[in-house]
Enquirer: 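Could you have a look at this structure, given as structure tokens, before my questions?
Fair warning: this is a prediction, and the values are worked out from it, not measured in the lab. First the proteins, then the strands, lettered A, B, ... as listed; each starts at 1.
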Number of protein chains: 2
Amino acid sequence: MRADAKRNYDKIVEVAREMFREKGYDASLDEIAKRAGVGPGTLYRHFPTRENLIDAVLQSWVDRVNDTADKALAREGTDRDVLLAWFEEYVALISQHRGGPAKITSAMDDPASPIRPKCQVLAGANDRVLDQLRGRGALRPGVESVQVCRLVGGIATVADQSGLEQSAVRPLLEVVADGLLHP
Amino acid sequence: MRADAKRNYDKIVEVAREMFREKGYDASLDEIAKRAGVGPGTLYRHFPTRENLIDAVLQSWVDRVNDTADKALAREGTDRDVLLAWFEEYVALISQHRGGPAKITSAMDDPASPIRPKCQVLAGANDRVLDQLRGRGALRPGVESVQVCRLVGGIATVADQSGLEQSAVRPLLEVVADGLLHP
DNA sequence: ACCTGAACACCGTTCAAGT
DNA sequence: ACCTGAACACCGTTCAAGT
């Protein structure tokens, strides 16, 4: 990659990260190009779709996902506490930007989505946490990891779109946790 | 209302219902006006926002909501069966059009949404079903109706956005039901 | 090889001109 | 009183012309 191309690429990603934080994942690509000081054509060759740009912005995110799961695996407490703490972190991870919960949750199932590999990292992290609980006999039989991603992702999506406080999200996560753990 | 105004109004609603069925709730308003044979200005005076148009399309929907709840209240079976059957009908009611689950679920909490009154009818219907189960001592303490709307609405939203089959939705509803019913 | 920016198609919205 | 349709602002996307 030529030096000026790399400079443009990096600047676009930097500006996109800011804009997504301010306006959510549906921020105007035109304005991102403008603020990055490049023509719209430059943005489009580097990132043919919006999802390609999101993918670049999520570069360091996968590390944070794995770190968070590691901490969850080392946590002390009842099975319910461990599961709920992980759920809250799961919600936080995908709710970083407005529109994130919906985008990330639906990309998990979409083979055509450029961000799917990164979403699968989150699904894998969720898998590891559930497996530990399964090993302790804490989970009901038949609980699949992908279902948990959809349940918690659904709650995060509603919270995101309704602007719910974290205190309103917690009881929803508790219902799901109680439905997953052995009675 | 003048005769030609009423004729235009009705035609727009009729075409909108078709378009929403085909393309979902984010169908082009421009094309709706075009197919209805009116200028864009005419559509905008009758329906200043997209939600006003959706509200008109949902006119007969509230009756169907109440009928569905009545049937759920009269159903035989275990508490779990009754609750799950209602959940499946709840999902079907809000998933009629693409984008419906997200729109209806978030409008419940939004005092500024024109469709809020109609969404409240659904919330009220859900209330009645839950109250019956509460009367039988089936529900855990502290379960609020609005939380159930958010949980089931969240599942429907994910299913809508990921194009999930009904057979993939069922186990998610079961987790929520198990989390709500007495262990 | 890469960038620019004009040009295009589409969308929602407004409003002056008509009947 | 109501309708029309041109006009505008904004968006994503393409591509011929430049360096």
Enquirer: Would A/D131 and A/R134 pass as an ion pair if we require N to O under 4.0 Å?
Expert: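 Salt bridge flag = yes for A/R134 with A/D131.
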
Enquirer: Do the side-chain N and O atoms of B/T78 and B/D81 include a donor-acceptor pair separated by under 3.5 angstrom?
Expert: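 Indeed, the side chains of B/T78 and B/D81 share at least one donor-acceptor pair under 3.5 Å.
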
Enquirer: For A/K118, is there an ion pair with A/D55 - N to carboxylate O distance below 4.0 angstrom?
Expert: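 A salt bridge is present here (some side-chain N lies under 4.0 Å from a carboxylate O).
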
Enquirer: After noting the C-alpha distance and the side-chain angles of B/R98 and B/D26, does the key distance pass the salt bridge (charged side-chain N to carboxylate O under 4.0 Å, His left out) rule?
Expert: CA-CA 8 Å; B/R98 235 174 317 141; B/D26 52 352; 5.8 Å; no

Enquirer: Among residues at least two apart in sequence or on other chains, which ones pass ring-ring contact (aromatic ring centres under 6.0 Å, His included) with B/Y25?
Expert: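 B/F20, B/H97.
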
Enquirer: Hey, could you give me each pair passing ring pair (Phe, Tyr, Trp, His ring centres under 6.0 Å) that has a residue in residues 27-46 of chain B? Not counting sequence neighbours.
Expert: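 Checked against ring pair (Phe, Tyr, Trp, His ring centres under 6.0 Å) - neighbours excluded - the pairs reaching residues 27-46 of chain B are B/Y9-B/H46.
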
Enquirer: Can B/T49 and B/N52 be counted as having a side-chain donor-acceptor contact under 3.5 angstrom?
Expert: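 Checked: B/T49/B/N52 side chains pair up, N/O donor to acceptor below 3.5 Å.
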
Enquirer: Under the criterion salt bridge (charged side-chain N to carboxylate O under 4.0 Å, His left out), I'd like the reasoning laid out for A/K6 against A/D10: C-alpha separation, chi angles, the key distance, then a yes or no.
Expert: CA-CA 6 Å; A/K6 171 152 178 48; A/D10 291 341; 2.8 Å; yes

Enquirer: Mind checking the CZ-CG spacing from A/R128 to A/L133? Nearest 0.5 Å is all I need.
Expert: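 The CG atom of A/L133 is 13.0 Å from CZ of A/R128, to the nearest 0.5 Å.
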
Enquirer: What do you reckon, is CD of A/E22 surrounded by more than 12 foreign heavy atoms closer than 6.0 Å?
Expert: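 More than 12 within 6.0 Å, yes.
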
Enquirer: What does the 5'-to-3' dot-bracket notation of DNA chain D look like when only Watson-Crick and G-U wobble pairs under 3.5 Å count, and pairs to other strands show as |?
Expert: ||.|||||...|||||.||

Enquirer: Hey, where on DNA chain C does chain A first and last touch, going 5' to 3'? Cut-off is any atom under 4.0 Å from a heavy atom.
Expert: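 Here the contact window of chain A covers C/dA1 to C/dA6.
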
Enquirer: Among residues 2-28 of chain A, which contact DNA chain C at a heavy-atom distance under 4.0 Å?
Expert: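 A/R2, A/D4, A/A5, A/N8 - these, ordered by number, are the residues of the stretch whose heavy atoms sit under 4.0 Å from the strand.
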
Enquirer: Can you sort out which residues in residues 32-50 of chain A have a heavy atom within less than 4.0 Å of DNA chain C? Ascending by number, please.
Expert: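 Contacting residues: A/G37, A/V38, A/G39, A/P40, A/G41, A/T42, A/R45, A/H46.
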
Enquirer: Cut-off 3.5 Å, side chains only: do A/S113 and A/E51 have a donor facing an acceptor?
Expert: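 Per modelled atom types, A/S113 and A/E51 side chains form a pair under 3.5 Å.
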
Enquirer: Would you please say whether a donor-acceptor pair under 3.5 Å links the side chains of A/T42 and A/N8?
Expert: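 The criterion, which ignores hydrogens and geometry beyond distance, is not satisfied for A/N8 and A/T42.
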
